[in-house]
Amino acid sequence: MYKYDEYDQRTVDERVTQFADQTARYLAGELSDDEYRPLRRQNGLYIQRHAPMLRIAIPYGNLCPAQLRMLGHIARTYDRGYGHFSTRQNVQFNWPNLEDVPEILGLLATVQMHAIQTSGNCIRNVTTDPFAGVAADEHIDPRPWCEIVRQWSTSHPEFSFLPRKFKIAINGAVQDRAIIRVHDIGLDLVRGADGNTGFRVLVGGGLGRTPIIGEEICPFVPWQQILNYCEAILRVYNLHGRRDNLHKARIKILVKSLGVAEFARQVDAEFVHTRDGLSTLTQAEIDRVVDRFNDPALPELPAEDAGYAAQLAANKAFANWVKRNIRAHKAPGYVSVVLSLKKIGAAPGDISADQFDAVADLADQYAFGEVRSTHEQNLVLASVRQADLFALWETARSLGLATPNIGLLTDMIVCPGADFCALANAGSIPIANAIQDRFDDLDYLHDIGEIELNISGCMNACAHHHVGHIGVLGVDKGGEEWYQVMLGGDQGNQAVLGKVIGPSFAAAELPDVISTLINTYLDCRHEEERFIDTVHRVGIESFKTRVYVERDARLEGRKRPDAPSH
Amino acid sequence: MPQVIKNGRIQGDEWKVLRGVGNDAAATLAVPTGRVIVPLAVWQAQRSQLASSAEAGMLGVWLTGDTDLDALADDLMALPLIAVDFPRFTDGRGYSIATQLRTRYGYAGELRAIGDVLCDQFCFMIRCGFSTLQPREERYNLAQIDAALTRPDEFSGPFFRNRRGTR
């Protein structure tokens with residue numbers, strides 16, 4: 001993965017010094033709450049329900065063992081022994097003391113980590129495909145471009161006080177695994193007619209209160225100009241985005257109100273002046289960044305390992321895990337492994353201090369020291385030999401990291417919800433746990449097959465509920481926690497927003513509602529048809545009707561005093 | 001005398017910022033003598049009377065975040081001083097206005113940040129091309145401003161550009 005140079009390190013070190021000074025002045029009463037708030041937010045620090053929450057950046061999801069061990073140390077020393085992976089590929093600690101945060105940041109800086117711009121109205125952590133650089137379907141490696149965007153956006157003087165937060169994602173594969181269409185800027189790496197690298201630029205996507213799928217504003221920006229082009233977009237947004245209403249301040253609202261054609265015209269008018277400007281990229285710059293990635297040299301291997309084939313045939317549990325948790329690698333004889341952070345009974349995305357250390361060991365032993373965090377809140381070992389899979393699986397299983405459920409119903413995306421987050425209207429982890437309990441039979445889960453269930457505790461949509469095949473949204477109704485259910489959303493190349501099926505449900509009803517949706521699918525599906533494809537084929541109406549018919553029957557059953565218990 | 005930071009140094013300042021003028025009054029308002037920074041509307045309404053003062057280096061104009069620079073730039077370039085107002089320090093439009101004045105229009109005169117100008121944003125302002133920072137009135141004592149300027153020179157150049165030796 002990318003290794004800092006002296007400029008990277010100095011910037012992070014200086015930010016630690018700066019933040020320690022800012023915090024000291026705040027604690028001494030020299031800075032008001034209002035003055036300190038954006039400063040701490042731009043350093044990942046929220047004031048939350050129980051304590052400050054510190055969100056640490058994992059740029060485009062890349063982690064090395066030393067960083068994982070440091071996160072384990074922080075979890076053990078400053079938190080309650082665990083951390084939480086967010087849907088922006090970052091990691092969050094929920095229990096640090098404000099006074100300890102400068103010290104934590106100092107420790108992070110020693111392993112080339114920081115919390116810069118993980119919050120606040122600025123350019124946030126850039127995200128990409130967790131399989132970047134190794135995916136079989138990748139045409140251009142997005143990581144160097146992500147790193148360049150990280151460097152450019154870090155402490156960008158012009159764009160540190162935008163109307164609202166700003167998220168950029170980059171895709172370089174056939175299948176978009178970075179959901180670029182729901183980002184403020186989505187960059188799609190493409191080849192021009194002459195074979196040169198460039199970017200198809202999407203703008204104005206986002207979830208939250210007003211979910212919108214982004215639209216293309218330029219089919220091809222040459223790589224040399226991509227930062228100049230982004231500066232043109234950001235300048236138009238910074239000057240004209242709404243600042244009078246927090247809920248209408250994202251770029252998507254500006255793009256909608258102007259219309260994408262007019263927005264593109266304004267960007268082009270600005271780009272005339274930023275083109276060939278100070279942020280023009282050169283081949284030397286790209287080479288410098290690419291060199292610092294220092295990817296492991298993977299020894300050449302035969303495409304199929306005989307021992308591996310035998311282990312697959314002999315051990316059904318291993319084969320199940322391989323079927324669900326392995327992804328294709330561009331190099332013969334290698335695969336990528338997804339370590340599941342969705343063990344039944346745990347909070348999705350949570351990881352203990354010991355697991356941090358153990359994943360570091362696994363990466364050292366089996367994966368050339370490369371780990372990725374995913375927006376689906378799991379971890380990826382990017383490059384693993386087929387021959388090592390069985391041993392890796394056995395160890396991962398003993399660590400609780402080998403639940404064979406990637407892409408299945410219990411591999412839910414879940415925000416921290418009201419148990420931790422001050423913004424949430426409703427709990428999300430308890431709902432996830434109740435659904436995990438209901439669907440704890442692995443054979444049944446495998447039979448249901450691929451499905452994405454996303455649960456957000458409020459309309460800020462941290463769990464991307466709009467693009468879940470089933471989306472659950474916590475809402476507040478007269479002080480009580482209720483849940484809206486959406487159906488038909490999807491991420492990826494054909495990203496589409498789900499539709500609310502009807503009136504919301506009480507927490508206790510959700511496992512039954514999910515069961516009804518699953519049963520409807522099982523009754524309607526064609527052979528080999530995924531849940532989402534069935535929903536799109538038959539329409540949400542039949543799912544919806546059955547959910548409310550069965551719900552009414554349950555409520556009716558409860559009212560009758562002589563109703564049989566079962 | 002109020003203190004400002006000019007080209008990195010604290011110094012006393014004689015400029016008065018004329019505020020609280022509605023557009024209706026812009027044409028009739030009596031502009032005081034001495035060095036004065038007037039709202040854009042006053043400059044536009046009284047340009048003929050004020051031009052000589054501007055030429056003599058005694059008059060500047062302050063802009064708001066919604067100023068349409070494209071329509072005005074030619075008119076503003078000859079001014080000895082342009083100020084950009086930050087109504088709240090979290091309103092970042094001023095950074096783009098300053099950047100445009102310096103890079104797109106090539107403004108070379110004094111560029112001053114006024115309004116809710118706070119120590120913790122000095123570095124961003126300087127990097128966007130402001131040459132003078134006028135901290136919010138009565139917000140800081142001299143020692144605090146001094147401390148702000150002697151802090152480690154974090155991000156003294158744009159991180160990304162600095163590394164490549166430009167600006």
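The shown structure was predicted, so the numbers you read here are calculated from the model rather than taken from an experiment. Numbered from 1 within each chain, the chains take letters A, B, ... in sequence-line order.
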Between P157(A) and F124(B), what is the shortest heavy-atom contact and its length?
CA-CD2, 3.5 Å
Locate the shortest heavy-atom distance separating S96(B) from E158(A); write the atom from each residue and the value.
OG-OE2, 2.6 Å
Are more than 12 heavy atoms from other residues, nucleotides or ligands located less than 6.0 Å from atom CD of E138(B)?
no
Taking atom CD of E137(B) as the centre, does the number of heavy atoms from other residues, nucleotides or ligands within less than 6.0 Å exceed 12?
no
Only pairs of heavy atoms separated by less than 4.5 Å count here; which of E30(A), R25(A), R37(A), H240(A) has the most with chain B?
R25(A)
Chain B contact via [X] - side chain, backbone, both or neither, heavy atoms under 4.5 Å:
| X | value |
| --- | --- |
| D34(A) | backbone |
| L234(A) | neither |
| L239(A) | both |

Polar side-chain atom of R235(A) near backbone of Q100(B) as donor-acceptor pair, under 3.5 Å:
no
I'd like to know if the side chain of N238(A) and the backbone of G92(B) have a donor-acceptor N/O pair within less than 3.5 Å.
yes
Heavy-atom proximity to chain A below 4.5 Å, by part of D91(B):
both
Going from CG on N121(A) to OG1 on T90(B), what distance comes out if it is rounded to the nearest 0.5 angstrom?
8.0 Å
NE2/H273(A) to OG1/T103(B) distance, rounded to the nearest 0.5 angstrom?
9.5 Å
Top of Q144(B), R139(B), Q121(B), M125(B) for chain A proximity - count of heavy-atom pairs under 4.5 angstrom:
R139(B)
